Amino acid sequence: MRQVSCQRPGWAQTEAELYDELRGSHKSLKNMTVRGVSGSADGKALAATALAGGVRVVEHEAGIEALALEIDYRAIDQGQVLVADDQGHAVHFHQPIVFAHRLGQIHYIGKPGATGALDAETNASGRWHRCQEIAHAFIGGGGDVDGHGSTSNLDGVTQGCRGPGRAYIIMPVWPGTPQRANASHPSRRNAANQQEFQAMAVVSVKQALSGAVEAGDTVTVRGWVRTRRDSKAGLSFVNVTDGSCFDPIQAVVPATLGNYDSEVKHLTAGASLIVSGTLMPSQGKGQAFEIQASDVVVTGLVDDPETYPIQPKQHSMEFLREVAHLRPRTNLFGAVTRVRHTMMTAIHRHLTKQGFFWINTPIITTSDAEGAGDMFRLSTLDLANLPRLPDGKIDFRKDFFGREAFLTVSGQLNVEAYCLALSKVYTFGPTFRAENSNTARHLAEFWMVEPEIAFADLSVNADCAEAFLKAIFKAILDERPDDMAFFAQRVQSDAITRMEAFIAKPFERIDYTDAIGILKKSGEKFEFPVAWGIDLQTEHERYLAEKHIGRPVVVMNYPEAIKAFYMRLNDDEKTVAAMDVLAPGIGEIIGGSQREERLDHLDRRMVQFGLDPSNYGWYRDLRRYGTVPHAGFGLGFERLLVYICGLSNIRDAIPYPRAAGTAEF
RNA sequence: GCCCGAAUAGCUCAGCUGGUUAGAGCACUUGACUGUUAAUCAGGGGGUCGCAGGUUCGAGUCCUGCUUCGGGCGCCA
């Protein structure tokens, strides 16, 4: 029996078509782990044939009228699974039921639009519950079978399964279905008699190394080769990584394996494989556990090992940027990626705990002056044939939105509206700037977090920013010690200690006016002269945070002329309630302000900055209807990630960097 | 956008004031050796010196233009 995903909907294929499809898919099938439970003599035969057909069945159970297969979720075409016998005869299951298993949860993925019928049919026969039991039995207890999930789960679950993940297909086997009729096929019976199946749990490298799996257990790990070392003692050592943690796991592959000379000896950096064997305490130094391999399935060799870009050595960051699709396979980018994820989740977790709601402000905006730089225009107009107004200007009424549209440069104005309803909110998403900035600190597409708090002044805002940064650092230190140790060892030696120092003490707070005084008295020679009214340059910020104070500092109350229109004018009428958090080694990491909640002041500042208040109707409404003091700040996500990881270029902090002149991949 | 620098093997680099057949380490491959740790040792293959033009008896090397990349500054997060 072979199993394939069917790209075409429906089941009305001729046997010839199906056979072609099966043969066409054979390559990928060979690379697939299938974990099956087959019931009855017939089902057992099916499972055995599956093995013969190149699809590995690693578990089966007798006496169950159902067949369960585990395949890589990517092979599933949303619940449409074809099973065929070794003659290419289609085995039709009325409806396969697909479970996705992740983090101990089993979710039901139905076939879109057909779940109702499925439930009714399977329930009526009682087999549905049997399927659930099987799922429990071989996925391992503790799982929660949601048997009545709706198709609305589908997207969420499949999305959640991108990355290491498993999907289970539980298929009721009805009496009289073709595969029963074919089950007496001689080849099947033979295969069934010849094969012994052993239970093997697919685990991540992280699970295998962390003690989540007991020594002596039989496990399967799947991943990519880092290095291979051969020993004439009759073994090869293959370091395998699957990205789940920093360390690779060492597989000890004995030369006695059938494919040792033909495949194992040809494994090079980057090759993909599935290793099954016994998890054992390592006899060698350098790792606590290793896998004594009893089976190695090579799923993909490296086409031309000599030109495979990722070698077990240090590469330049510039070179790795040119192979952005392969750089996540390096130690460094694996670590950056995991830290990035942890940082993302830590932000959501911290703010959620503080009572904030995540507001998904729009990416497309029609306000043409959000006050934060050049914007990317978004249009569906034919550039070669633009509609014109009588005066020759472009007629944007003919454009998609009926007016000019852009990609957002900030979610702040939009999130303020939700702040003045839900009190504590934040926006966190991609942000776009079309500035021609050619530096290591700028991206055209980056992520920004912008919390906004109602009934808050600048002081509360600063408190919030401080707690926010500390929570992120703490989460990284707690949750990514392996990756941080690597950064400290290979990238920046104080990567860990400076974060610990950051957390240890309260931030200093000074007024802008005092900061100017400090800079003037410093005796330092600055490239940009210091005077009240100037915006602080990077050199000034670094002096304050690194030399004068030696820890993070919040500079508050800047001259009104150099800050944005929405910032609240202080009583002195010379300064606004703006703040910048400056940190040693980074400079400005957070910028924020108390917002101008008084309509007359806001209007005045808009005019002062050359903005037409009539273009900000909805924003002004917020000051007309139940205005309150509120404040917020923004954090450039990648900039903080650069700092945490000790990177020198922001293009290495995002998977596929977009910057002026750069948008490959 | 402004200023500066770089481009030599799959990768990281050396190649002096122009001069025979352009080198090394890693990677790959072959062999030796080994419960190895980016293993070690020995042999081998691998290059239109970014592209186009120019100066010269002769250009990887000097000049001009272009392309790409990097560093600094500005704008900013």
Side-chain angles (χ1 to χ4, degrees), chain A residues 225-239 247-255 265-266 268-270 280-287 290 292 302-323 326-327 330-331 370-374 408-412 430-450 490 527-528 535-539 541 562-564 580-581 586-592 633-643 648-654 659-662 664:
Chain A
V225 174
R226 268 281 162 66
T227 59
R228 188 195 89 238
R229 295 175 294 278
D230 300 323
S231 167
K232 272 298 183 311
L235 335 148
S236 283
F237 301 95
V238 183
N239 277 12
D247 290 315
I249 193 165
Q250 174 166 282
V252 184
V253 185
K265 290 272 278 181
H266 296 104
T268 55
M280 298 292 282
S282 178
Q283 295 172 33
K285 289 170 186 170
Q287 60 279 321
E290 64 190 16
Q292 296 286 343
V302 168
D303 185 28
D304 180 6
E306 195 172 344
T307 57
Y308 179 66
I310 308 300
Q311 300 296 345
K313 56 171 279 190
Q314 272 201 329
H315 291 96
S316 67
M317 302 299 273
E318 293 80 20
F319 170 69
L320 290 172
R321 259 167 240 150
E322 293 169 12
V323 287
L326 297 173
R327 66 179 186 172
T330 61
N331 278 332
E370 291 184 2
D374 300 331
T408 184
V409 294
S410 165
Q412 184 204 310
T431 309
F432 307 87
R433 304 274 167 91
E435 275 136 14
N436 189 14
S437 301
N438 212 326
T439 78
R441 298 180 307 282
H442 288 85
L443 289 168
E445 176 184 85
F446 64 98
W447 287 62
M448 190 156 63
V449 199
E450 295 169 285
R490 298 292 279 274
E527 190 184 336
F528 292 85
D535 204 358
L536 296 182
Q537 297 292 319
T538 302
E539 56 175 346
E541 295 177 341
I562 60 171
K563 291 292 185 180
D580 282 348
V581 180
I586 347 177
E588 182 190 333
I589 188 62
I590 276 181
F633 60 87
L635 167 79
F637 182 87
E638 284 80 13
R639 286 196 177 172
L640 188 58
L641 184 57
V642 158
Y643 176 72
S648 49
N649 193 314
I650 199 165
R651 297 177 191 201
D652 303 321
I654 191 166
T662 305
E664 220 191 330

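Within every chain, numbering begins at 1; the chains are lettered A, B, ... in the order of the sequence lines, protein sequences first and strands thereafter. As the structure is a prediction and not an experimental result, all values here were calculated from the model. We use all heavy atoms of the structure for the numbers below, so side chains are in, but hydrogens, waters and symmetry mates are not.
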For [N], does either OP1 or OP2 sit under 4.0 Å from a side-chain N or O belonging to [X]?
{"X": "A/R229", "N": "B/A39", "result": "yes"}
{"X": "A/Q311", "N": "B/U12", "result": "no"}
{"X": "A/S316", "N": "B/U12", "result": "yes"}

> Of A/H266 and A/Q250, whose closest RNA chain B nucleotide lies nearer the 5' terminus?
Replying inline: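 It is A/H266 whose nearest nucleotide is closer to the 5' end.
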>> Pick the closest RNA chain B nucleotide for A/Q283 and for A/D304 by heavy atoms, then say which residue is nearer the 5' end.
In response: A/D304
>> Which residues pass the side chain to side chain donor-acceptor pair (under 3.5 Å) test with A/E638, not counting sequence neighbours?
In response: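 With neighbours one apart ignored, the set is A/R340.
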> Can you name the side chain to side chain donor-acceptor pair (under 3.5 Å) partners of A/D304, sequence neighbours left out?
Replying inline: A/T307
>> Assess, by modelled atom type and distance only, whether the side chains of A/S231 and A/R229 contain a donor and an acceptor separated by less than 3.5 Å.
In response: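 Checked: A/S231/A/R229 side chains show no N/O donor-acceptor pair below 3.5 Å.
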> Does any donor atom in the side chain of A/T431 or A/E445 lie under 3.5 Å from an acceptor atom in the other side chain?
Replying inline: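 Side-chain D/A pair, A/T431 to A/E445: absent.
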[N] and [M]: how far apart are their [atom1] atoms, nearest whole angstrom?
{"N": "B/U21", "M": "B/A39", "atom1": "P", "result": "38 Å"}
{"N": "B/A59", "M": "B/G54", "atom1": "P", "result": "12 Å"}
{"N": "B/A6", "M": "B/C62", "atom1": "P", "result": "9 Å"}
{"N": "B/A9", "M": "B/G45", "atom1": "C1'", "result": "11 Å"}
{"N": "B/G58", "M": "B/C2", "atom1": "C1'", "result": "40 Å"}
{"N": "B/U40", "M": "B/U34", "atom1": "C1'", "result": "8 Å"}
{"N": "B/G46", "M": "B/U36", "atom1": "P", "result": "35 Å"}
{"N": "B/G43", "M": "B/A38", "atom1": "P", "result": "24 Å"}

Base, sugar-phosphate, or nothing: which does [X] touch, judged by heavy atoms less than 4.0 Å apart?
{"X": "A/Q537", "answer": "sugar-phosphate"}
{"X": "A/S282", "answer": "base"}
{"X": "A/H442", "answer": "base"}
{"X": "A/G591", "answer": "nothing"}
{"X": "A/F528", "answer": "sugar-phosphate"}
{"X": "A/F319", "answer": "sugar-phosphate"}
{"X": "A/L443", "answer": "base"}
{"X": "A/Q287", "answer": "base"}

To the nearest Å, how far apart are [X] [atom1] and [N] [atom2]?
{"X": "A/D374", "N": "B/G74", "atom1": "CG", "atom2": "C1'", "value": "13 Å"}
{"X": "A/K285", "N": "B/U34", "atom1": "NZ", "atom2": "P", "value": "19 Å"}
{"X": "A/K313", "N": "B/C28", "atom1": "NZ", "atom2": "C1'", "value": "13 Å"}
{"X": "A/N239", "N": "B/G35", "atom1": "CG", "atom2": "P", "value": "17 Å"}
{"X": "A/K232", "N": "B/G35", "atom1": "NZ", "atom2": "P", "value": "12 Å"}
{"X": "A/R490", "N": "B/A38", "atom1": "CZ", "atom2": "P", "value": "9 Å"}
{"X": "A/N331", "N": "B/C11", "atom1": "CG", "atom2": "P", "value": "20 Å"}
{"X": "A/F446", "N": "B/C75", "atom1": "CZ", "atom2": "P", "value": "16 Å"}

Output a table of nitrogen or oxygen pairs between the protein and nucleotides 22-24 of chain B separated by less than 3.5 Å.
none

Can you find a donor-acceptor pair, distance only, under 3.5 Å between [X] side chain and [N] base?
{"X": "A/Q314", "N": "B/U12", "answer": "no"}
{"X": "A/Q292", "N": "B/G35", "answer": "yes"}
{"X": "A/S437", "N": "B/C76", "answer": "no"}

Considering all heavy atoms, the nearest [X]-[Y] contact:
{"X": "A/S282", "Y": "A/Q287", "result": "OG-NE2, 2.9 Å"}
{"X": "A/V642", "Y": "A/I650", "result": "CG2-CA, 3.6 Å"}
{"X": "A/R327", "Y": "A/I654", "result": "NH2-O, 2.9 Å"}
{"X": "A/E450", "Y": "A/G634", "result": "CG-CA, 3.9 Å"}

Taking [X] for the side chain and [Y] for the main chain, is one N or O donor matched with an acceptor at less than 3.5 Å?
{"X": "A/R228", "Y": "A/K265", "result": "yes"}
{"X": "A/R433", "Y": "A/V409", "result": "yes"}
{"X": "A/E539", "Y": "A/F528", "result": "yes"}

> A/T268 has a side chain; which of B/G10, B/U29, B/G35 sits nearest to it?
Replying inline: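 For the A/T268 side chain, the nearest candidate turns out to be B/U29.
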> Of all the nucleotides listed (B/G35, B/A38, B/C28), which has the minimum atom distance to the side chain of A/T227?
Replying inline: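 Closest nucleotide to the A/T227 side chain: B/A38.
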Got a list of protein N/O to nucleotides 65-72 of chain B N/O distances below 3.5 Å?
| from | atom 1 | to | atom 2 | distance (Å) |
| --- | --- | --- | --- | --- |
| B/G70 | OP1 | A/R321 | NH1 | 2.8 |

>> Please convert RNA chain B into dot-bracket. A pair counts if it is Watson-Crick or G-U wobble with both distances under 3.5 Å; crossing pairs go in [ ] and bases paired with another strand get |.
In response: (((((((..((((.....[...)))).(((((.......))))).....(((((..]....))))))))))))....
> To the nearest 0.5 Å, what is the distance between CG (A/N239) and OG1 (A/T227)?
Replying inline: 4.0 Å
>> According to side chain to side chain donor-acceptor pair (under 3.5 Å), does anything in residues 313-322 of chain A pair up with another residue at least two apart or in another chain? List the pairs.
In response: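 Qualifying pairs: A/R321-A/D652.
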> Is any NZ, NE, NH1 or NH2 atom of the basic residue among A/K232 and A/D230 found under 4.0 Å from an Asp or Glu carboxylate oxygen of the other?
Replying inline: no
> Between A/D247 and A/R226, is there a side-chain N and carboxylate O pair less than 4.0 Å apart?
Replying inline: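 The answer is no: the pair does not qualify as a salt bridge.
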